[in-house]
Asker: 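Got a structure here, written out as structure tokens. Questions coming.
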Amino acid sequence: MFLLLFFLVLTSGNNNGQLGKIALLLKLTTSVSKYSISRDMVDNSVDFNLNLLQITAVDEKNGAITLKLFLEIYYNSPSAAWNASEFGDIDSLSVPYDTFWATHITGYDILEIFYQNSDSQIVTSDGQVFGFSSMLTIKLSCSFDISNFPFDQHVCSLKFGPWPLKKAPLSKYDIVILNNPIVLETYVPHDGWELITPVYLSTHSQSSNFLSLNIKIRRRSQFYTLVVIFPAVLVYAVSGLVFALPVDSGEKVSLAVTVLLAQVFVFNTILNILPASSLHVPKLAYFNMAVAIHMSLTCFQVVLVVALHHSNSSRKIPKVFLCLLNPRLMKVLLLESALPTAKIEPKATDQRESDARDSDRNQHDSNTELWMKVASVCDRLFLCVHTLIMISVLASLRSFGSN
């Protein structure tokens, strides 16, 4: 009590105001309790006002989100009202914190909480007691479903409720929510996450003393689209040029391996961004895995085409490969017609040939051309298969962002 009187003396500017504040404080301390709820509290309720100021951090790898909130709690008690004319026309009184009773609200199921409480309480002449106001920095756990990365959105829940003190047992009262949905005029947007509005406070189903706040956030996907998805799709689209490169260039296999390594590099970049979790695997990871498998198959196909192109001309061409030289098939594949049948199945050497060496040379050249023709047909068929698979894989990107 003496400390309160000393506080008022220091904060008063004149003697009349000084005496009025001292008299008013004496009245209030005898009529308003410090450790228990006022008996004449209007509707036995406490007004709860919450403002969301900022989402300071989102830690997906550790499953946590940090919020900055402003919390204000006040109530109306007729025993705290006074006639301003009787106390030097004083309309409001500011006293040190914890002078009058105030409910202590805190967050439940949280990881960390930091209070920046106001060092004073304010009472107005109409009986309004502003008992508790604080800037809260709360770190709470949140489950992140990153299946639709980078078009994902999440819901993080925060539960508020009274905290019982040793000197002030938990009182029974109702919490009245003000400004629901909560006011976001002072909210500072996050550069990586978008807050989905409106944001509502709701009373807990089991007790009116507890409140729930659901924060819905959506990832800003522009950065990831330009830096992650676009390069991955571009590298994948370029892979089709492997089949457009002539075998004689000597760079067909090198280009296929280079595209595969580029895709692996993009995949490694995505892994460094995403949290390690087996519960929710991003669709983008499946996309990159499918692309890596497809590119590995493409490398195998390219090696096969090169091997056929440079096949030993002395080897007899299997009938399976000869079926690929069907004129209709080659016309569909936009290739030149097959070699004449006489060259495909060479007959015995004409007895009128005078030089057997010329016959062997013709046979050698004929087989070489046939192997090159088979390689060209296989190369064009692999291009068609590659295009169909690529279209199917790229079509899967349409599912991104859908639940």
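The first residue of the sequence shown is numbered 1, and numbering continues consecutively from there.
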Asker: Any chance you could lay out the ring pair (Phe, Tyr, Trp, His ring centres under 6.0 Å) test for Tyr74 and Phe48, step after step, and finish with the verdict?
Answerer: CA-CA 7 Å; Tyr74 50 92; Phe48 184 94; over 10 Å; no

Asker: Is it the case that the side chain of Arg380 and the backbone of Phe243 share a donor-acceptor pair, with hydrogens and angles ignored and the cut-off at 3.5 Å?
Answerer: no

Asker: When rounded to the nearest 0.5 angstrom, what is the spacing between CG in Leu93 and CG in Asp91?
Answerer: 11.0 Å

Asker: Among Phe230, Phe223, Tyr224, find the one that has a side chain to side chain contact (heavy atoms under 4.5 Å, CB included) with Val227.
Answerer: Phe223

Asker: Do Ile138 and Glu112 have side chains that approach each other closer than 4.5 Å (heavy atoms only, starting at C-beta)?
Answerer: no

Asker: Quick one: do Glu60 and Arg219 make a salt bridge, cutoff under 4.0 Å?
Answerer: yes

Asker: Using every non-hydrogen atom in the two residues, find where Pro231 and Leu226 come nearest and quote the distance to one decimal.
Answerer: CD-O, 3.4 Å

Asker: Walk me through it: do Phe382 and Leu304 pass the test side-chain contact (heavy atoms from CB on, under 4.5 Å)?
Answerer: CA-CA 10 Å; Phe382 290 153; Leu304 178 61; 3.8 Å; yes

Asker: For the side chain of Trp82 and the backbone of Ile90, is there at least one donor-acceptor N/O pair under 3.5 Å apart?
Answerer: yes

Asker: Return yes if some donor-acceptor pair links the side-chain N/O of Thr225 with the main-chain N/O of Ser221 below 3.5 Å, else return no.
Answerer: yes

Asker: My understanding is that only one of Val242, Thr298, Leu381 makes a side chain to side chain contact (heavy atoms under 4.5 Å, CB included) with His386; could you say which?
Answerer: Thr298

Asker: How many angstroms lie between atom CZ of Phe114 and atom CG of Leu136, to the nearest 0.5 angstrom?
Answerer: 10.5 Å

Asker: How are the rings of Tyr236 and His294 set relative to one another: parallel (under 30°), tilted (30 to 60°) or perpendicular (over 60°)?
Answerer: perpendicular

Asker: Which atoms form the tightest heavy-atom contact between Met390 and Ser239, and what is the distance?
Answerer: SD-OG, 4.4 Å

Asker: Within a strict 4.5 Å, meaning less than it, do heavy atoms of the Met295 and Val259 side chains meet?
Answerer: yes

Asker: Applying side-chain contact (heavy atoms from CB on, under 4.5 Å) to Asn148 and Lys283, what does each step give before you reach the verdict?
Answerer: CA-CA 6 Å; Asn148 294 321; Lys283 296 177 182 178; 3.1 Å; yes

Asker: For side-chain contact (heavy atoms from CB on, under 4.5 Å), just list the numbers for Asn288 and Val266, CA-CA rounded to whole Å, side-chain angles, deciding distance to a tenth of an Å, and then say yes or no.
Answerer: CA-CA 8 Å; Asn288 280 272; Val266 173; 4.3 Å; yes

Asker: Nearest 0.5 angstrom please: Leu234 CG to Ile229 CD1, how far?
Answerer: 13.5 Å

Asker: So, Asp145 side chain and Ser147 main chain: donor-acceptor pair closer than 3.5 Å or not?
Answerer: yes

Asker: Taking the side chain from Thr66 and the backbone from Lys139, do they hold a donor-acceptor pair closer than 3.5 Å?
Answerer: no

Asker: Is the closest side-chain heavy-atom distance between Val302 and Leu255 below 4.5 Å?
Answerer: no

Asker: Look at the side chain of Asn51 and the backbone N and O of Leu53, then say whether any donor-acceptor pair between them is shorter than 3.5 Å.
Answerer: no

Asker: Mind checking the CG-CG spacing from Leu297 to Leu260? Nearest 0.5 Å is all I need.
Answerer: 11.0 Å

Asker: Would you indicate whether the side-chain heavy atoms of Asp47 and Gln128 approach each other to under 4.5 Å?
Answerer: yes

Asker: Judged by modelled atom types alone, do Asp248 and His309 share a side-chain donor-acceptor pair under 3.5 Å?
Answerer: yes

Asker: Which heavy-atom pair separates Phe144 from Ala64 by the least distance, and what is that distance?
Answerer: CE1-N, 3.7 Å

Asker: Under a 4.5 Å cut-off applied to non-hydrogen side-chain atoms, are Arg220 and Trp193 in contact?
Answerer: no

Asker: For a 4.5 angstrom cut-off between non-hydrogen side-chain atoms, does Val199 reach Pro181?
Answerer: no

Asker: Can you tell me which residue among Ile196, Leu52, Leu158, Leu140 is in a side chain to side chain contact (heavy atoms under 4.5 Å, CB included) with Ile215?
Answerer: Leu52

Asker: Could you report the tightest heavy-atom contact between Asn272 and Lys61, atom names first, then the distance?
Answerer: O-NZ, 3.8 Å

Asker: If you apply the rule ring pair (Phe, Tyr, Trp, His ring centres under 6.0 Å), what do you find for Phe149 with His280, and how did you get there?
Answerer: CA-CA 10 Å; Phe149 174 88; His280 307 289; over 10 Å; no

Asker: Taking all non-hydrogen atoms of both residues, which atom of Asn214 and which atom of Ser157 are closest, and how far apart?
Answerer: OD1-OG, 2.8 Å

Asker: When rounded to the nearest 0.5 angstrom, what is the spacing between OG in Ser141 and CG in Asn62?
Answerer: 11.5 Å

Asker: Specify the closest pair of heavy atoms between His190 and Tyr187, including all atoms of both residues, with the distance to one decimal.
Answerer: N-OH, 4.0 Å

Asker: What's the spacing between Cys384 SG and Ile389 CD1 if we round to 0.5 Å?
Answerer: 11.5 Å

Asker: Between Asn180 (side chain) and Leu201 (backbone), is there a donor-acceptor pair under 3.5 Å?
Answerer: yes

Asker: Would you call Val123 and Phe130 a side-chain contact if the rule is heavy atoms closer than 4.5 Å?
Answerer: no

Asker: Can you tell whether the side chains of Lys252 and Asp379 come within less than 4.0 Å, N to carboxylate O?
Answerer: yes

Asker: Quick check: do Leu394 and Val233 have side-chain heavy atoms less than 4.5 Å from each other?
Answerer: yes

